[in-house]
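Remember, predicted model here, so these are calculated numbers, not experimental data. Worth knowing before you read on, the calculation uses all heavy atoms, side chains too, and leaves out hydrogens, waters and symmetry mates.
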Amino acid sequence: MEKKKVAIPLVCHGHSRPVVDLFYSPVTPDGYFLISASKDTNPMLRNGETGDWIGTFQGHKGAVWSCCLDRNALRAASASADFSAKVWDALTGDELHSFEHKHIVRACAFSEDTHLLLTGGMEKTLRVYDINRPDAAPRELDKSPGSVRTAAWLHSDQTILSSCTDMGGVRLWDVRTGKIVQTLETKASITSAEVSQDGRFITTADGSSVKFWDANHFGLVKSYDMPCNVESASLEPKSGSKFVAGGEDLWVHVFDFFTGEEIACNKGHHGPVHCVRFAPGGESYASGSEDGTIRIWQLSPVNADDDEAANANGKANAAVNEVTTKLEGGFHIPKEGQAGG
């Protein structure tokens, strides 16, 4: 009988409440980084490869719904239920700017050129802030038809993508005119929308299905019905041959992009999976859950016999030590008990 393959994740503790958003930076000269948003009010920065905690951004007074890093991983941004979006220095953890809103902010995204910050939320307004002129009034796009749930940039910052909490569809906005130019129709509301690393695809999760859209011509490329209600999906960035999805059944599912066949099912979370994202090199992916943990999974699981050999000690420790030396001089380490967990 063939030995079952088992994926053993790196488990990242620290958050004291559900993890609701994850974002990987591109690869930088210092490696790549993972930022997480949580209802515990404290976004956290980690080494993307090892999951090692680097620092906690402290200052929000409400749940943090969305987080992102700029292209060079030098600045972080977060969107919160405290009616603000904040920009942080990702090297020191210091708050650089706080942009006040009139209601809960659900989404934030840095432009590709790193100069602009996009926000959206319960006010049904997409705003674009110039980070080089933080005191200037933001540019507002035409009113969104519903509360903004997700927002992203594409086409070299010429187009903005958004979805709403209370209605289906993905809306594409022309940045120059501030108007909706296209709507990708879905029956249910989109809870996760990701633009692929090469800019070719938009990956959406709408509960019962995961869909892939052509990001340039906006046609539906593939649509797969899911085995359970899924909240988030992510396309493998290098070959584009696999995707992951997570949702209410507590598991992280891996699928073949071309056939929709399930390749692997990773068990370990103790609550629904709210977010999944592939690392920039495609060798691993992270999941964030209602249970407050982040798990980083390798794409190729090991044989069950190798469980102990592969457990996060052994091989991983050398990498952890190497990364720790690289990151010295980064965040001020908070006093004990202030790490957000």
Side-chain angles (χ1 to χ4, degrees), residues 21-23 66 106-107 109 112 118 120 126 141-142 144-175 177 179-249 252-265 273-278 282 285 287:
D21 193 27
L22 293 169
F23 184 96
S66 175
R106 285 297 301 260
E112 197 179 310
L118 169 67
L126 287 164
L141 279 66
D142 270 8
S144 169
S147 293
V148 177
R149 171 74 183 259
T150 68
W153 299 84
L154 66 161
H155 303 154
S156 302
D157 304 334
Q158 298 301 301
T159 308
I160 284 171
L161 169 164
S162 73
S163 70
C164 297
T165 308
D166 36 12
M167 62 181 66
V170 174
R171 277 147 207 92
L172 295 147
W173 306 71
D174 183 316
V175 172
T177 64
K179 297 191 181 305
I180 296 169
V181 290
Q182 184 94 19
T183 300
L184 312 180
E185 299 291 351
T186 62
K187 287 182 187 161
S189 63
I190 299 288
T191 51
S192 165
E194 173 192 76
V195 179
S196 66
Q197 201 166 276
D198 60 10
R200 286 177 58 205
F201 296 106
I202 299 164
T203 303
T204 61
D206 61 15
S208 61
S209 72
V210 171
K211 293 180 168 61
F212 300 92
W213 311 82
D214 185 312
N216 297 303
H217 304 290
F218 307 127
L220 181 62
V221 179
K222 292 189 178 293
S223 178
Y224 294 119
D225 292 333
M226 291 289 105
C228 76
N229 203 44
V230 300
E231 197 172 327
S232 185
S234 182
L235 180 65
E236 191 278 311
K238 287 300 183 192
S239 66
S241 61
K242 299 178 179 69
F243 68 95
V244 292
E248 65 181 17
D249 68 356
V252 183
H253 302 268
V254 186
F255 299 93
D256 183 294
F257 170 79
F258 300 103
T259 65
E261 181 187 352
E262 184 170 302
I263 301 165
C265 178
V273 177
H274 294 309
C275 42
V276 291
R277 284 294 177 260
F278 260 102
Y285 49 94
S287 54

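T191 and E231 are not linked by any side-chain donor-acceptor pair at a separation below 3.5 angstrom, with hydrogens and angles left out of the test. Between T159 and W173, the side chains place no donor N or O within less than 3.5 Å of an acceptor N or O (distance only, hydrogens not considered). For the residue pair T177 and K179, no side-chain donor N or O sits within less than 3.5 Å of a side-chain acceptor on the partner.
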Step-by-step side chain to side chain contact (heavy atoms under 4.5 Å, CB included) determination, D174 to Q158: CA-CA 6 Å; D174 183 316; Q158 298 301 301; over 6 Å; no
Chi angles and distances behind the side chain to side chain contact (heavy atoms under 4.5 Å, CB included) call for S189, M167: CA-CA 5 Å; S189 63; M167 62 181 66; 5.9 Å; no
Q197/K238 under side chain to side chain contact (heavy atoms under 4.5 Å, CB included): CA gap, chis, key distance, verdict: CA-CA 8 Å; Q197 201 166 276; K238 287 300 183 192; 4.0 Å; yes
D214 and R200: CA distance, side-chain angles, deciding distance, salt bridge (charged side-chain N to carboxylate O under 4.0 Å, His left out) verdict: CA-CA 6 Å; D214 185 312; R200 286 177 58 205; over 6 Å; no
Steps toward side chain to side chain contact (heavy atoms under 4.5 Å, CB included) verdict (T204, W213): CA-CA 8 Å; T204 61; W213 311 82; 3.1 Å; yes
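G169 and T186 make their closest contact through N-OG1, 2.7 Å (heavy atoms, listed as atom of the first residue, atom of the second, distance). Summarising the geometry of I180 relative to P145, their closest heavy-atom pair is CD1-CD, 4.2 Å, with the distance given to 0.1 Å. Between A215 and G199, the shortest heavy-atom distance links the atoms CB-O, 3.3 Å. Minimum interatomic distance between F218 and H155 (heavy atoms only, all atoms of both residues): CZ-CE1, 3.6 Å. When all heavy atoms are compared, the tightest approach of D225 to S209 is OD1-CB, 4.1 Å. Of all the heavy atoms in G120 and L126, the pair that sits closest is CA-CD2, 4.2 Å.
Ring pair F243/F258: centre-to-centre distance not below 6.0 Å. Under the 6.0 Å cut-off for aromatic ring centres, F212 and F257 qualify, their centroids lying closer than that.
Taking OH of Y224 as the start and CD of E261 as the end, the distance is 10.5 Å to the nearest 0.5 Å.
A heavy-atom distance below 4.5 Å is found between the side chains of R171 and T183. V244 places a side-chain heavy atom less than 4.5 Å from the side chain of F278. Residues V230 and V210 have side chains in contact (heavy-atom distance under 4.5 Å, counting atoms from C-beta outward). At a threshold of 4.5 Å between non-hydrogen side-chain atoms, the residues L184 and I202 count as touching. Looking at heavy atoms from C-beta onward, M226 lies out of side-chain contact with H253 at the 4.5 angstrom threshold. With a 4.5 Å cut-off on side-chain heavy atoms, L161 and V195 count as touching. Looking at heavy atoms from C-beta onward, S162 lies out of side-chain contact with L172 at the 4.5 angstrom threshold. Side-chain atoms of C164 and S144, non-hydrogen and from C-beta on, do get closer than 4.5 Å to each other.
Take K242 and apply the salt bridge (Lys or Arg N to Asp or Glu O under 4.0 Å) test, not counting sequence neighbours, and it matches no residue. For S232, the side chain to side chain contact (heavy atoms under 4.5 Å, CB included) partners are S192, C275, V276, R277, not counting sequence neighbours.
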Name every donor-acceptor pair, under 3.5 Å, that has one atom in a side chain of residues 146-154 and the other anywhere in the protein, sequence neighbours excluded.
unit_1, atom_1, unit_2, atom_2, d
T150, OG1, S163, OG, 2.7
W153, NE1, A109, O, 3.1

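Between K211 and D206 there is a salt bridge, since at least one side-chain N of the basic residue sits less than 4.0 Å from a carboxylate O of the acidic one.
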